[in-house]
Amino acid sequence: MLVGKYVNKFYGKYFLFFLFGVLALVLVDYFQLEIPVICRNIINGVQDGTLFEDGSKMLEYMMYLGLIAIIMFIGRFLWRYCVLGVAARIEGDLREDMFIHAEKLSNQYYKEHKTGALMALFTNDLSVIRQVFGGGTIALIDAIFLGSFALYRMFVCNWILAIFALIPMSLIAGVAAIVGRVMHKKFKARQEAYDNLSDFAQENFSGIAVIKAFVKEVQEIRHFDKLNNNNYDKNIDFAKYSTLLNVLLTLIISTIIAILFGGGAYFVVSDATFGGKNFGAGELFEFIAYFDTLVWPFLAIAQLINQRAQGKAAYDRIAELLDAKIEIVDNETVDVEMLNGKIEFRNLTFKYPDGSNNVLEDISFTIDAGQMVGIIGKTGCGKTTIVDLLLRTYNINENQILFDDKDMMHIPFKKIRDAIGYVPQDNFLFSDTIANNIAFAYEELDYEQVQEAARLADVHQNIIEFNDKYETILGERGVTLSGGQKQRVSIARAILKNPPILIFDDSVSAVDTKTEETILKNLRELRNGKTTIMIAHRISTVETLDKIVVLDNGRISGIGTHAELLASNEIYKEMVRLQSLEAEVNGGVE
């Protein structure tokens, strides 16, 4: 059994299942020990010739054996359904708890923890937890009840042989305890090796196009081979100790059986008596049957120690995820019906939790509700950081960003995110239909609205060229589509949400200037009176907007319209000049 703050609640939640499962298991344990008694009577009856003196005697034994078989059949079904069923339910509940918690963790957490290692928690480690609650519970109950029942009957049958059997059997628990400690460490190392292998494989599958483009298949195979061999070595190392434990247990048990047969035979031929009864061939069979039954409870102790070691290691890893602090929380919130779209930055300075230098310094500007504003600057100047902060994926100081003159840190973060439509830089799409990707913001699908959003994003014509049109299933991360198509599907998804604030994070960089013009024209008509923020590196994306903010090394270099910045801002002027030269070199096409 496993104890911990994240699993203790399941004992209460599934108490009745545990109770009925344990009662059924104890019932089966009791009745299976009646079988040696019947067999003893049959053997002794055959030996002394009394069995067939009364024809009903054998029939009585057979009917009793049949009744025991029925009871054991029903009992085993019940304890398997209750105990193993609860283990599966606990696994599902814990997986759900983990997923819910993982959804609440900040971006910073996922920067520090690799996806492959996290997936191992949801698969391998949870499987171990299920085994502990399933097989571990059975092993514990059998060790206590079946072991106690069998030991009691062995002492009643022949207390001398029972003592001889019990002394070496105690070695099993000692051997298991020693090897179990080592196996705990070996299991943890095995899981870490699997994490590394899983993470590397996932990263390679996601980046297979880059690997092929740079002809690095052989290099990646070699790297995978090293990780695979390490995973193999750790599994073999764990298997060695597991095998060692099983071999030692088998050796001890075989030795005890040999002693029991020798000692038992002596008591049979010497007509010894125990408890006032003669110890004959039937009693020897009965005793060996009890001992054979007792082997499992002692092995169960070893299995329990083994599973406990693995379960503890798996639980510790899962608890580390569940213990991860949820950084983005609401605190002293104000009541907000709906955001209108006014955004104000007041002396905003920010650095990432794992960073040493400020990414943004003394940022101050205002976006009025309904304005279309561009934010432009060189790579790494802090443009995307502004988006991260607006989406409240990081915490900042109070009164540094205000929505509708209210401090962002006191507005429920779900309200903020509900009011924002976001087109990310990497254009993440789900492995689902194109229609469902576009309608991601809604529970129900409205095909007319989906198609209208696709037309406004200038991607409708591309979609209907697919065989399944809007029902086309996209590959992982939208791999079915080209870069420009993915961008436009992402734009359609944000357009369909129709929020008070719409943010484009360099979201038209993969489309040509003609398509860009079409999208911007549609946006200006659609977004009239609603706030739109365009983060870009191309001048053509922002030159027609109401206001442009120029960033340079995390600071504001200038704010104004395209014409105003051309007249007053050297950095902006230089960007225009360089992009004009680039257009000329490319034959007039950006």
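- Residues V329 and I326 form a side-chain contact, since some pair of their non-hydrogen atoms from C-beta on lies under 4.5 Å apart.
- Taking both residues in full, the closest heavy atoms of V359 and T385 are given as CG1-OG1, 3.4 Å, listed atom of the first, atom of the second, then distance.
- Here the straight-line distance linking atom CZ of F285 with atom CD1 of I43 works out to 5.0 Å at 0.5 Å rounding.
- The distance from the CG atom of D233 to the CG atom of N228 is 9.5 Å, given to the nearest 0.5 Å.
- Heavy atoms from other residues, nucleotides or ligands lying under 6.0 Å from CZ of F200 number more than 12.
- To the nearest 0.5 angstrom, L33 atom CG is 5.5 Å from T293 atom OG1.
- A donor atom on one side chain and an acceptor atom on the other are not found under 3.5 Å apart for N235 and Y194.
- A salt bridge is defined here as a Lys NZ or Arg NE, NH1 or NH2 lying under 4.0 Å from an Asp or Glu carboxylate O, and D330 with K414 fails to meet this definition.
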F145 and Y30: CA distance, side-chain angles, deciding distance, side-chain contact (heavy atoms from CB on, under 4.5 Å) verdict: CA-CA 8 Å; F145 290 97; Y30 174 81; over 6 Å; no

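- Not a single donor-acceptor pair under 3.5 Å links the side chain of S106 to the backbone N or O of E327.
- Applying the 6.0 Å contact sphere to CD of E112 captures more than 12 heavy atoms from other residues, nucleotides or ligands.
- Side-chain contact check for V132 versus K312: every heavy-atom pair is 4.5 Å or farther apart.
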Run R392 and M408 through side-chain contact (heavy atoms from CB on, under 4.5 Å) and show every step you take. CA-CA 8 Å; R392 185 76 199 284; M408 180 179 76; 4.0 Å; yes

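- In summary, the side chains of E60 and Y64 do not present any donor paired with an acceptor at a separation below 3.5 Å, with no hydrogens or angles considered.
- Checked by atom type, the side-chain pair T433/N436 shows a donor-acceptor distance below 3.5 Å.
- When every heavy atom of A265 is checked against every heavy atom of L284, the shortest pair comes out as N-CD2, 4.2 Å.
- Looking only at side-chain heavy atoms (C-beta outward), M154 and L294 come within less than 4.5 Å of each other.
- Side-chain atoms of E398 and H410, non-hydrogen and from C-beta on, do get closer than 4.5 Å to each other.
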Please step through side-chain contact (heavy atoms from CB on, under 4.5 Å) for the pair L322 and M98, ending with a clear verdict. CA-CA 6 Å; L322 293 172; M98 291 166 61; 4.1 Å; yes

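- Taking every heavy atom of both residues into account, L227 and N196 meet most closely at CD1-O, 4.0 Å.
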Take K9 and D93, measure what salt bridge (charged side-chain N to carboxylate O under 4.0 Å, His left out) needs, and give me the verdict at the end. CA-CA 11 Å; K9 62 182 179 181; D93 288 353; over 6 Å; no

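- Two residues are said to be in side-chain contact when any heavy atoms from C-beta on lie closer than 4.5 Å; M63 and L67 fail this criterion.
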Might you work through the side-chain contact (heavy atoms from CB on, under 4.5 Å) test for F149 and V26, ending with a clear yes or no? CA-CA 10 Å; F149 294 159; V26 172; 4.2 Å; yes

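- Here D125 does not pair with R130 in a salt bridge; the nearest charged N to carboxylate O distance is not below 4.0 Å.
- Heavy-atom neighbours of Y394 OH from other residues, nucleotides or ligands within 6.0 Å: above the threshold of 12.
- No side-chain donor-acceptor contact under 3.5 Å links R153 to the backbone of Y290.
- In terms of modelled atom types and a separation under 3.5 Å, the side chain of N44 and the main chain of G282 share a donor-acceptor contact.
- For F440 and Y442, the distance between ring centers is not under 6.0 angstrom.
- Counting non-hydrogen atoms of other residues, nucleotides and ligands closer than 6.0 Å to OH of Y352 gives a total above 12.
- Among all heavy-atom pairs drawn from K486 and L429, the shortest one is CG-CD1, 3.8 Å.
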Check step by step if ring pair (Phe, Tyr, Trp, His ring centres under 6.0 Å) holds for F133 and Y11. CA-CA 10 Å; F133 276 100; Y11 293 109; 5.6 Å; yes

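- E192 and R317 are not joined by a salt bridge, as no carboxylate oxygen comes within less than 4.0 angstrom of a charged side-chain nitrogen.
- Aromatic pair F18/F20: ring centres not closer than 6.0 Å.
- H113 places a side-chain N or O within donor-acceptor distance of the main-chain N or O of Y109, the cut-off being under 3.5 Å.
- A cation-pi geometry, defined here as NZ or CZ lying under 6.0 Å from the six-membered ring centre and within 45° of its normal, holds between R190 and F238.
- Heavy-atom neighbours of Y110 OH from other residues, nucleotides or ligands within 6.0 Å: above the threshold of 12.
- Proximity of a side-chain donor or acceptor of N437 to a complementary backbone N or O of F430 within less than 3.5 Å is detected.
- Here the CG atom belonging to D29 is positioned 4.5 Å from the CG atom belonging to L25, to the nearest 0.5 angstrom.
- Using a 4.5 Å heavy-atom threshold, the side chains of L389 and F350 count as touching.
- The line from CG of N204 to CD of E217 is 10.0 Å long, rounded to the nearest 0.5 Å.
- Partners of L27 under the side chain to side chain contact (heavy atoms under 4.5 Å, CB included) rule, at least two apart in sequence or in another chain, are F31, I71.
- In this structure, S127 contributes its side chain and T123 its backbone to no donor-acceptor pair below 3.5 Å.
- A24 approaches L78 most closely through the heavy-atom pair CB-CB, 3.8 Å.
- Note that the CG atom of L321 and the CG atom of L105 stand 6.5 Å from one another [nearest 0.5 Å].
- The two residues C82 and F17 come nearest to each other via the heavy atoms CB-O, 3.3 Å.
- For the pair I138/W79, a side-chain contact is recorded, criterion being any heavy-atom separation below 4.5 Å from C-beta on.
- In this structure, the side chains of C157 and F279 come closer than 4.5 Å at one or more pairs of heavy atoms.
- Looking only at atom types and distance, the side chain of K226 has no donor-acceptor partner in the side chain of N230 under 3.5 Å away.
- By the 30° and 60° cut-offs, the orientation of the rings of Y6 relative to Y315 is tilted.
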